[in-house]
Amino acid sequence: MLHVDLDQFLAAVEVLRHPELAGRPVVVGGKGDPTQRAVVATASYEARRFGVRSGMPLRTAAKRCPDAVFLPADNAHYEEVSEEVMATLRARPGVVVEVMGWDEAFVGAETDDPEAVARTIRADVLERTRLHCSIGVGDNMLRAKLATEFAKPGTGDGVYRLTAANWAEVMFDRPTQALWGIGTKTARKLADRGIATVRELAAADPAALAAELGPALGPWYVQLGRGIGRAVVEGTPWVPRSRSHETTFQENLTDWADVRTEVAALARRVAAEISRADRPAVRVAVKIRYAPFSTYTRSATLDAPTTDADRFAAAALDVLELFGSRRPVRLLGVRAEFPPV
DNA sequence: TCTGGGGTCCTAGGACCC
DNA sequence: TCTGGGGTCCTAGGACCC
């Protein structure tokens, strides 16, 4: 199977619309104003050379790279371009495509020469969308996904293969955080238990980790260390489990009447969307981030499933009452949850 | 580094029931 | 009366990913 990942997707799409930006450091995120509360969605490779990274506050990015061009995120446009890319992948006969986000997808294909297929896909995507991508080849999703890192510009040449055959050689000396599913926190917890490398994780006792890190997560981490993952690409369309909107305010809300107004507005936005999708909510959750940055969620099961904006907003306002504190609010969010399939 | 927005899945504790 | 064990649902929070 293959893992296709577009290179610096948002920045690349913007450069296509603004050719004069080619070769310049480009940072996409928020409203494109580095003085606002927002983070980097994608930085071009030129901007990354200055230490600009995804998830970094725009303010910080501007300090590291004052000459960068800051552009607002235009999600509707990225959505369209992404659809074009995915359509290109699906146009190949006999493949199964599992979309993982705007800029990446797994492609299942029966072939004796996956590298040749990968090269063809790269050429097709480039021809049809003028976008570059990197492709990981693997014997399961974990390995294909990780292979892509070694295919990326600066490290590789566009295609890389990672399978059981070279897993130990390539991965064993790397930190556990290199694995897809292990982040900072888990890497720390593992390190505290003497497990720093993929090699050590692969050799760890699943039962011991189950006891310490959770009955499902513990053993799963060991599997990650061994390079084990799902081997079948699923082509069936994804059915969302929830739908939400949230906003970080440029100025904290201090008046609770404003908080109520904003929660109702967010709830109505969510209701409009679940109504359009004909997916009644069975549960509503409200999220508050108080200044400076402590986040809480309260939720409730609805009396009856609904897509009705008035009823959904009223339910959200009821849940809002469950919060004890009315300290200044930095962020509000409302989420609709659907019944389990 | 003063920290977005949209998601998913797992875990643990308490309520409740038999 | 202070005391079982198992199962399921609800809820909040944590961690991770794009």
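Chain naming here is simple, since letters A, B, ... match the order of the sequence lines and numbering starts at 1 in each.
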>> Taking the basic N atoms (NZ, or NE/NH1/NH2) and the acidic carboxylate oxygens, is any pair closer than 4.0 Å for A/K152 and A/E149?
In response: no
> Is A/D103 touching bases, backbone alone, or none of the nucleic acid, heavy atoms closer than 4.0 Å?
Replying inline: sugar-phosphate
> Which nucleotide sits closest to the side chain of A/E246: B/dT3, B/dG5, B/dC10?
Replying inline: B/dG5
> Considering the options A/R330, A/R269, A/R289, A/K287, which one meets the salt bridge (Lys or Arg N to Asp or Glu O under 4.0 Å) requirement together with A/E246?
Replying inline: A/K287
> Below 4.0 angstrom, N of the basic side chain to O of the carboxylate: do A/E321 and A/R260 qualify?
Replying inline: yes
>> When you measure from the side-chain N and O atoms of A/W220 to the phosphate of B/dC9, is any distance below 4.0 Å, counting only OP1 and OP2?
In response: no
>> Between A/S244 and A/P215, which residue's closest nucleotide on DNA chain B lies nearer the 5′ terminus?
In response: A/S244
> In terms of ring plane angle, is the pair A/F323 and A/Y290 parallel, tilted or perpendicular, where the classes change at 30° and 60°?
Replying inline: perpendicular
> Counting any heavy atom closer than 4.0 Å, what does A/T247 reach on the DNA or RNA strands: base, sugar-phosphate only, or nothing?
Replying inline: sugar-phosphate
> Toward the 5' end of DNA chain B, which comes first, A/R37 or A/G218, by nearest nucleotide?
Replying inline: A/R37
> Can we say A/R335 and A/E337 salt-bridge, meaning some charged N sits less than 4.0 Å from an Asp/Glu carboxylate O?
Replying inline: yes
> What is the distance from CE of A/M100 to C1' of C/dC17, rounded to the nearest Å?
Replying inline: 8 Å
> Does any donor atom in the side chain of A/E14 or A/Y78 lie under 3.5 Å from an acceptor atom in the other side chain?
Replying inline: yes
>> Show the nearest heavy-atom pair for residues A/P114 and A/R161, with the distance to one decimal.
In response: CG-NH2, 3.7 Å
>> By the 4.0 Å heavy-atom rule, please label A/R289 as base, sugar-phosphate, or nothing.
In response: sugar-phosphate
> Rounded to whole angstrom units, what separation is found between the CG atom of A/L10 and the C1' atom of C/dC18?
Replying inline: 11 Å
>> What is the separation between atom CG on A/L224 and atom P on B/dC10, rounded to the nearest whole Å?
In response: 13 Å
> Could you state the CD-P distance from A/E104 to B/dT8, rounded to the nearest angstrom?
Replying inline: 16 Å
>> Does a side-chain N or O of A/H245 approach OP1 or OP2 of B/dG5 to a distance below 4.0 Å, or not?
In response: no
> Looking at A/E98 and A/R230, does any basic side-chain N land under 4.0 Å from a carboxylate oxygen?
Replying inline: yes
>> Considering every strand and a 4.0 Å limit on heavy-atom distances, what is the contact class for A/G30: base, sugar-phosphate, or nothing?
In response: nothing
>> For the P atoms, the ones on C/dC18 and on B/dT3, what distance do you get once it is rounded to whole angstrom?
In response: 23 Å
> Rounded to whole angstrom units, what separation is found between the CD atom of A/E98 and the P atom of B/dT8?
Replying inline: 14 Å
> Taking 4.0 angstrom as the limit, do A/D124 and A/R128 come out as a salt bridge?
Replying inline: no
> To the nearest Å, how far apart are A/L209 CG and B/dC10 C1'?
Replying inline: 15 Å
> Could you write out DNA chain C as a dot-bracket string, with dots for unpaired bases, | for bases paired across to another strand, and Watson-Crick or G-U pairs counted at under 3.5 Å?
Replying inline: ....||||||||||||||
> Does the pair A/E104/A/K145 count as a salt bridge with the N-to-O cut at 4.0 Å?
Replying inline: yes
>> Any base atoms under 4.0 Å from A/L58, or only sugar-phosphate, or nothing? Heavy atoms, all strands.
In response: nothing
> With a 4.0 Å cut-off on heavy atoms, is A/W238 in touch with a base, just the backbone sugar-phosphate, or nothing at all?
Replying inline: sugar-phosphate
> Are the ring of A/F293 and the base ring of B/dT3 both nearer than 5.5 Å at their centres and tilted by less than 30°?
Replying inline: yes
> Tell me: CD1 of A/I288 to P of B/dG5, nearest whole Å?
Replying inline: 15 Å
>> Side-chain N or O of A/T60 versus OP1/OP2 of B/dT3: is the shortest distance under 4.0 Å?
In response: no
> Are any of the side-chain nitrogens in A/R311 or A/D303 under 4.0 Å away from the carboxylate oxygens of its partner?
Replying inline: no
> Does the side chain of A/R330 get closer than 4.0 angstrom to OP1 or OP2 of B/dC2 through an N or O atom?
Replying inline: no
> Could you give the CG-to-P distance, from A/D74 to B/dG4, as a whole number of Å?
Replying inline: 21 Å
> Does the side chain of A/R243 get closer than 4.0 angstrom to OP1 or OP2 of B/dG6 through an N or O atom?
Replying inline: no
I'd like a list of close polar pairs between nucleotides 11-14 of chain C and the protein, N/O only, cut-off under 3.5 Å.
residue, atom, partner, partner atom, Å
C/dT11, OP2, A/R283, NH1, 2.1
C/dT11, OP2, A/R283, NH2, 3.0
C/dT11, OP2, A/T301, OG1, 2.8
C/dT11, O5', A/R283, NH2, 3.3
C/dA12, OP2, A/S299, N, 2.8
C/dA12, OP2, A/S299, OG, 2.8
C/dG13, OP2, A/T297, N, 3.2
C/dG13, OP2, A/T297, O, 3.2
C/dG13, OP2, A/R298, NH1, 3.3

> Is the distance from OP1 or OP2 of B/dT8 to the nearest side-chain N or O of A/S242 less than 4.0 Å?
Replying inline: yes
